[in-house]
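First comes the structure, then the notes that go with it.
Each ligand, and each atom within it, is numbered from 1 in the order the structure gives. The basis for the numbers below is simple: all heavy atoms, side chains too, and nothing from hydrogens, waters or symmetry mates. Remember, predicted model here, so these are calculated numbers, not experimental data.
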Amino acid sequence: MPKVHRKFSILRKLELEAGYFLLDLSPVEGVLPEDIQPGQFVEISVPDHSKLLRRPISIHFADYKSNILRLLIRVVGEGTKAVCSMSEGDSLDIILPLGKGFSTEFKSGDRVILVGGGVGVAPLLYQAALLKDLGVDVRMVYGARNSHELVVAEAFKDYAELEITTDDGSCGTPGRVTDSLCFATMLESASMVQCCGPAPMMKAVAAVCRDKGTPCEVSLENMMACGLGACLCCVEKTVKGNVCVCTEGPVFNIDQLTW
Ligand SMILES: Cc1cc2nc3c(=O)[nH]c(=O)nc-3n(C[C@H](O)[C@H](O)[C@H](O)COP(=O)(O)OP(=O)(O)OC[C@H]3O[C@@H](n4cnc5c(N)ncnc54)[C@H](O)[C@@H]3O)c2cc1C
Ligand code: FES
């Protein structure tokens, strides 16, 4: 699918808790690129910071009916702060869609367990919606440090049976995503686990899936600069040698990784 370089206008900006923002964007001209895959990402040019490189952000949702692209951003540094400081009506310079997304070749009645931690839930909402359309039994395990960081939990209820885990036990099952009921009871009957979050979380999920023989995909969030396979700063070691996560990923089957 060809990537495009477009200006998007901020239609709506919503500040959530814990430094998270939801941005609804619409192309200034034309329509969203066709066939955006869940798990793909955009590269945003940081406004007023010409020295900063573009920043990679997952596609949280692509709403073709309304011509809206939704991003979920957690402010962690200068780039994300600058993007989230913009106002409704301002425009952003974006390249999309980038990378390879999650598998979607499932049939009605299959069970897929989505696992997201922190801002890693971002690419999983669009995947949940697409899987539900296919008739898949979608389970979502949403892990966070505490109840304040469960910023988009409600949105998942439209598409998946939701389970929550929090490190401090303030909501849902206390502990890690691997302590959830899904992992205890459903892993062996699942067609696949698809996961995005902090690397230690994804490694723990991958280890349990390997143990139970459940196929598993993870979306890596290696540091990126160009997002186009040119700078080599996002390289990951795989069973086939070093690859650029921005072009060969960010989604990988764990069998491809050396974890
Ligand atoms: C494929 C991909 C998809 C992403 N999707 C999202 C998303 O949907 N929403 C979102 O909020 N963020 C997402 N990120 C992370 C986001 O790109 C970084 O948080 C952002 O680039 C940080 O830029 P900054 O200038 O604000 O912070 P910087 O000043 O560059 O960094 C601030 C702090 O964040 C850390 N950091 C920077 N980049 C990353 C990273 N990739 N992973 C972990 N820590 C990082 C730095 O080590 C530093 O401690 C994604 C990253 C990748 C690679
Ligand atoms: S970010 Fe430049 S090669 Fe991947």
Side-chain angles (χ1 to χ4, degrees), residues 3 8 10 13-25 36-62 69-86 92-102 114 116-128 142 144-145 149-152 155-156 194-203 217-238 241-252 257:
K3 46 190 166 292
F8 280 75
I10 302 177
K13 178 175 99 169
L14 195 59
E15 182 167 4
L16 309 171
E17 284 196 83
Y20 283 81
F21 289 79
L22 271 179
L23 297 184
D24 279 355
L25 310 174
I36 292 174
Q37 299 165 17
Q40 289 189 301
F41 62 100
V42 305
E43 279 275 11
I44 304 187
S45 168
V46 179
D48 303 327
H49 284 74
S50 51
K51 282 191 231 118
L52 287 187
L53 296 158
R54 286 176 182 271
R55 293 294 189 256
I57 298 291
S58 303
I59 290 163
H60 185 44
F61 207 89
L69 186 79
R70 179 166 291 173
L71 306 179
L72 174 69
I73 303 183
R74 183 162 65 102
V75 172
V76 294
E78 255 193 274
T80 45
K81 186 175 170 197
V83 170
C84 293
S85 302
M86 297 190 75
L92 285 166
D93 178 296
I94 289 180
I95 301 174
L96 81 162
L98 297 171
K100 293 178 182 157
F102 290 105
L114 306 178
V119 78
V121 298
L124 299 176
L125 187 69
Y126 190 36
Q127 176 71 351
Y142 191 142
R145 279 184 291 197
E149 300 208 358
L150 295 163
V151 288
V152 288
F156 279 96
Q194 297 180 316
C195 177
C196 184
M201 186 202 96
M202 292 199 287
K203 286 183 179 173
E217 289 179 341
V218 293
S219 181
L220 303 186
E221 290 200 351
N222 292 19
M223 295 287 185
M224 289 185 188
C226 70
L228 302 166
C231 71
L232 305 184
C233 83
C234 62
V235 161
E236 177 78 21
K237 197 172 165 196
T238 70
N242 290 341
V243 302
C244 290
V245 171
C246 65
T247 50
E248 298 307 311
V251 177
F252 292 89
L257 300 174

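The protein non-hydrogen atom at the shortest distance from atom 26 (O) of ligand 1 is Thr80 OG1, 2.5 Å. In terms of protein heavy-atom proximity, atom 21 (O) of ligand 1 is nearest to Arg55 CD, 3.0 Å. Among all protein heavy atoms, the one lying closest to atom 41 (N) of ligand 1 is Glu221 O, 3.0 Å. Looking from atom 45 (C) of ligand 1 to the surrounding protein, the closest heavy atom is Met223 CE, 3.6 Å. Among all non-hydrogen protein atoms, the one lying nearest atom 1 (C) of ligand 1 is Met224 CE, 3.8 Å. Nearest non-hydrogen protein atom to atom 11 (O) of ligand 1 is Arg74 N, 2.7 Å. Among protein heavy atoms, the minimum distance from atom 8 (O) of ligand 1 is reached at Ser58 N, 3.1 Å.
Of the inter-residue distances, the one linking Gln194 atom CD with Cys196 atom SG reads 11.0 Å to the nearest 0.5 angstrom. If you take CG on Leu125 and CG on Leu114, they are separated by 9.5 Å, rounding to the nearest 0.5 Å. One distance of note links SG of Cys84 with CG of Leu71; it measures 9.0 Å at 0.5 Å rounding. Taking CZ of Arg74 as the reference point, atom CG of Leu16 lies at 13.0 Å (rounded to 0.5 Å).
Between Pro56, Gly19, Gly249, it is Pro56 that holds the heavy atom closest to atom 4 (C) of ligand 1. Considering only non-hydrogen atoms, atom 12 (N) of ligand 1 lies nearest to Ile57 out of Leu72, Ile57, Ile44.
Not a single protein heavy atom sits closer than 4.0 Å to atom 48 (C) of ligand 1. Under the 4.0 angstrom criterion, atom 24 (P) of ligand 1 counts as having a protein heavy-atom contact. Within the 4.0 angstrom cut-off, atom 19 (O) of ligand 1 has one or more protein heavy-atom neighbours.
Taking both residues in full, the closest heavy atoms of Ala18 and Glu149 are given as CB-CG, 4.0 Å, listed atom of the first, atom of the second, then distance.
Of the possible polar contacts, none joining the His60 side chain to the Pro123 backbone as a donor-acceptor pair under 3.5 Å is found. Distance alone, capped at 3.5 Å, places no donor-acceptor pair between the Tyr142 side chain and the Gly118 backbone. Under the 3.5 Å distance criterion, the side-chain polar atoms of Arg54 are matched with a main-chain donor or acceptor of Asp93. Remark: side-chain polar atoms of Glu217 are not paired, donor with acceptor, to backbone N or O of Phe102 under 3.5 angstrom. Looking at Tyr20, its side chain does come within 3.5 Å of a backbone N or O of Val119 through a donor-acceptor pair.
Ligand 1 has no N or O atom lying under 3.5 Å from any N or O atom of Val76, backbone or side chain. Here's the thing with Gly77: one of its N/O atoms is less than 3.5 angstrom from an N/O atom of ligand 1. Where the criterion is an N or O separation shorter than 3.5 Å, residue side chain and backbone included, Lys81 fails it with respect to ligand 1.
We find that Glu248 and Lys100 are joined by a salt bridge, their nearest charged nitrogen and carboxylate oxygen being less than 4.0 Å apart. Between Asp24 and Lys13, none of the side-chain N atoms (NZ, or NE/NH1/NH2) sits under 4.0 Å from a carboxylate O, so this pair counts as no salt bridge.
Every atom of ligand 1 with a heavy atom of Ala122 under 4.0 Å away is listed here by number and element: 8 (O). Remark: ligand 1 atoms within the under-4.0 Å shell around heavy atoms of Val119 are 9 (N), 10 (C), 11 (O). Under a 4.0 Å criterion applied to the non-hydrogen atoms of Asn222, ligand 1 contributes the atoms 41 (N), 53 (C). Ligand 1 places these atoms under 4.0 Å from at least one heavy atom of Gly79: 24 (P), 25 (O), 26 (O).
The only option from Leu98, Leu69, Leu92, Ile95 that meets the side-chain contact (heavy atoms from CB on, under 4.5 Å) definition with Val42 turns out to be Leu69.
Glu236 and Asn242 are not linked by any side-chain donor-acceptor pair at a separation below 3.5 angstrom, with hydrogens and angles left out of the test.
Using a 4.5 Å cut-off on side-chain heavy atoms (C-beta onward), Val245 and Val235 make no contact.
Of all protein atoms, those that are N, O or S and lie under 2.8 Å from atom 4 (Fe) of ligand 2 total 2.
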